[in-house]
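Below you'll find the structure, written out as structure tokens, and then a few comments.
All ligand and atom numbering here is 1-based and tracks the order in the structure. Worth knowing before you read on, the calculation uses all heavy atoms, side chains too, and leaves out hydrogens, waters and symmetry mates.
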Amino acid sequence: MKRLYLFGLIAGLSLHAAAAKTGPDLLDDKPAFIASLIEQMTLEEKIGQLRLISIGADMPRPRILKELAAGHIGGTFNTVTRQDNRPMQDAALQSRLKIPIFFAYDVVHGHRTIFPIGLGLASSWDLDVIAKSGRVSAIEASADGLDMTFAPMVDISRDPRWGRTSEGYGEDPYLVSEIARTMVKAYQGESPAASDSVTASVKHFALYGAVEGGRDYNVVDMSPMRMHQDFLPPYRAAIDAGAGGVMVALNSINGVPASANTWLLQDLLRRDWGFDGVTVSDHGAISELMRHGVARDGREAARLAIKAGIDMSMADSLYRQELPALVEAGDVEIGEIDSAVREVLGAKYDMGLFHDPYRRIGVARDDPKDTNAESRLHREAARDVARQSIVLLENHDQTLPLKKGGTIALVGPLADSYVDMMGSWSAAGVAKQSVTLRQGMLDALGDEAVLLHARGANITDDQHMVEYLNFLNWDDPEVVQDPRPADEMIAEAVAAAEQADVIVAAVGESRGMSHEASSRTSLQIPPSQQALLKALKKTGKPLVLVLMNGRPLELNWAKANAEAIVETWFSGTEGGHAIADVLFGDYNPSGKLPISFPRSVGQIPTYYNHLRVGRPYVEGKPGNYTSQYFEEPNGPLYPFGYGLSYTGFELSKVRLSSPTLPREGTLEASVTVKNTGQRDGATVVQLYIQDLVASVIRPVKELKAFRKVVLKAGEEREIRFSLDEDDLKFVNAQLQRVAESGEFEVQIGLDSQHVKQQRFVLE
Ligand code: BGC
């Protein structure tokens, strides 16, 4: 099949191609190959390449096959098996020029095996662990015939009201950029052409995480300095790491929708950053240009999008409907269509599809008998990654780890929920294959202890919320209400707690509460669950909270009342085992928060790397006329970079190799970190820099390096960081990246707030 296909294509090309090359040579010469293909294409075929069709939403399957055979579709998304994809590729190869299509999907934190959500992955602060999740995802996705993932999602989020905070990697440009780079490399493996690689399409370009008020799809208005300094670096990092695709954001930026933004897509992305991959719109975004009010009609919307630089239109019929007439009328140049087609064909070329369109689909006889077979999962990797994503927020009186003995009461609506464990965007993961906390604890305990279980509360008793969360899924509602009255459920949980030595309460959000279109005005655990927690507290039994949620929550009551709090996010297929590993001390927690937890929703934004002000709040000395809210202290409840362990760690003073950093040289900052407790454990040493005086206001601190360190009980180790001029660069008022001479403070800590400092001078 493969050979026949190639000869057919090459023969066709060499008949028409201007270049007098032989077939196989041409196939190995990407620009010439693509140029000769474009030369042979009709306008209709070219426009076909620009269409990215959503399977199941855009049109019925038979029509899709017909359009494929006519060469009118460039790629599809939302199918996840080889059996599904093969007939579509067969159809595409029946088209006149036999141009293969590619298959895409939202593989965001796992494909069949689900890893923790983005915030969880970021909480590991371990790039090897994060890479493992990406590599496994690519292996599984490519084995299902997929060529591209709409990931990584690298939108910086400083507003936890935004539901998509869950998908990203938190608030910090440096950490998120490191993860962006890691994920692109992990997805694309040795090369995007490898049969076990998927092309990364980084999203959402750009600034989607900064939607006003955290309300999804809202506008973004941001100074250029802030953009370049804080929000754009992760996309840039993904592109520099070789991401083959960019998904354009749904939001507008300073008055111009990203999908019609020539500054964004041409000046910045192509000219300044040198991106040479394919751009795809987000779902239906081109039609939305009319609703933004920048296009009168579909024709204008299509014209704006193609001229701005959107190569492929996702789930949108406007390119097909409008581009032919626009070209005929001369409103869109054929050259503009050709450059979009060139990028699409280039991406397919890089995916290896011209060499073998079945590279990832394979042959039918090799298809897995059961796509959901247990043997196709990577449970060990999932458990390892998940345990490293868990953050211990509180642990009074060594409540944790729990003894494997006595009686434990496990309560809460999330204690036995398969579907929530998966988190949002759980790709092809099968909920029933996930391990709930209840199952994880049962497996850990065997018959060594008694585990009592009671649901205790519904996620929420607010019917409006339940309907909202279930609105896409009426046939198979995700949030299933226990019909019993709340009091009865609480009484059952309290009765279990009274018989137990300790209570483990699994509370938080259902996965849909932290999702696309799930912005919230409150960061509270819903009232139904709060009532349960208050009743449990009255029993006087030690209360361990296991939180599942996709955004920072307001945890004042919990902090004041729970003996221990474990932040588990939504931890994926092996979540229950991973959490049990932490609860019982089989794994010593090492996660650190990648995002600040505010004290209240009114405090947002609470990000740690904020700019200095003229009247700063001074901790312990709150006074009038300083920058603060007067009802509560400034600063987060739990800071960026924070997380406890079952052992203790101590940092020495910071040592600098020299008081000055020469422009061309380096300076070493080192500390000794010691495990002062009785257990082996890991922590993350974090290095922040403050530029003390500069031509523009600089943040109070910025993360510049970090290192995860594993230490045996009592062990100590010297950690050295090498700094150079580049680490001190920032974006000045002229939007240049510069390092200005003067004094800097290096701050090293185990979170962003408790640090040891030293100063040095950049010459
Ligand atoms: C989301 C994207 C996603 C796309 C395709 C959109 O609604 O914003 O993140 O990749 O759908 O599923």
Side-chain angles (χ1 to χ4, degrees), residues 51-58 73-80 84 102-111 117-119 137 141 144 146-157 162-169 180 183-184 187 198-211 214-220 234-235 238 243-253 257-259 277-289 291-292 305 310-317 347 422-429 471-473 511-512 514-519 550:
R51 297 174 71 211
L52 182 55
I53 297 297
S54 168
I55 305 293
D58 284 358
I73 291 176
T76 67
F77 65 109
N78 281 344
T79 45
V80 292
D84 246 358
F102 69 78
F103 300 93
Y105 196 47
D106 290 282
V107 178
V108 180
H109 56 107
H111 179 60
I117 58 167
L119 279 183
S137 305
D144 275 345
L146 295 173
D147 306 298
M148 179 188 270
T149 172
F150 299 137
M153 189 284 210
V154 302
D155 304 321
I156 295 279
S157 168
W162 190 47
R164 304 195 79 168
T165 299
S166 57
E167 285 172 61
Y169 305 118
M183 272 310 219
V184 167
Y187 286 137
V198 288
T199 292
S201 189
V202 59
K203 68 188 184 187
H204 303 83
F205 190 64
L207 320 181
Y208 187 19
V211 283
R215 205 181 70 226
D216 212 356
Y217 316 126
N218 204 356
V219 301
V220 172
Y235 310 105
V246 164
M247 184 188 291
V248 180
L250 292 162
N251 53 278
S252 60
I253 298 173
S259 312
V278 65
T279 56
V280 301
S281 79
D282 201 345
H283 207 280
I286 299 178
S287 309
E288 288 177 18
L289 293 176
R291 297 218 200 91
H292 284 289
I310 303 263
D311 298 331
M312 292 190 97
S313 76
M314 179 196 288
D316 197 305
S317 51
M422 314 281 277
S424 75
W425 295 106
S426 53
F471 95 110
L472 277 181
N473 270 330
R511 68 168 183 168
S514 279
H515 186 55
E516 182 177 349
S518 297
S519 296

Could you pull out the closest heavy-atom pair between Val220 and Asn251, with the gap in Å?
CG2-ND2, 3.5 Å
Atoms in ligand 1 with a heavy atom of Phe150 nearer than 4.0 Å
10 (O)
Polar atom proximity, Tyr208 to ligand 1 (N or O, under 3.5 Å):
no
Tell me, please, which residues at least two apart from Val108 pass side-chain contact (heavy atoms from CB on, under 4.5 Å).
Asp106, Lys203, Trp425
Could you list which atoms of ligand 1 come closer than 4.0 Å to a heavy atom of Lys203?
2 (C), 3 (C), 9 (O), 10 (O)
Testing Val198, Thr199, Val278, Leu52 one by one against Phe102 for a side-chain contact (heavy atoms from CB on, under 4.5 Å), which residue passes?
Leu52
His111 versus Asp144: any side-chain heavy-atom pair under 4.5 Å?
yes
Partners of Ser424 by side-chain contact (heavy atoms from CB on, under 4.5 Å), sequence neighbours excluded?
Ser166, Glu167, His515
Can you pull out the closest protein heavy atom to atom 7 (O) of ligand 1? Residue, atom name and distance to 0.1 Å, please.
Glu516 OE1, 2.9 Å
For ligand 1 and Asp282, I'd like to know whether there is a polar contact (N/O to N/O, distance under 3.5 Å).
yes
Closest to atom 12 (O) of ligand 1 among protein heavy atoms sits Asp106 OD2, 2.5 Å
Which is closest to atom 9 (O) of ligand 1 by heavy-atom distance: Met247, His204, Glu167, Met153?
His204
Heavy-atom contact under 4.0 Å between Phe77 and ligand 1?
yes
Where Arg215 and Ser519 come nearest, the two heavy atoms and their spacing
CA-OG, 3.6 Å
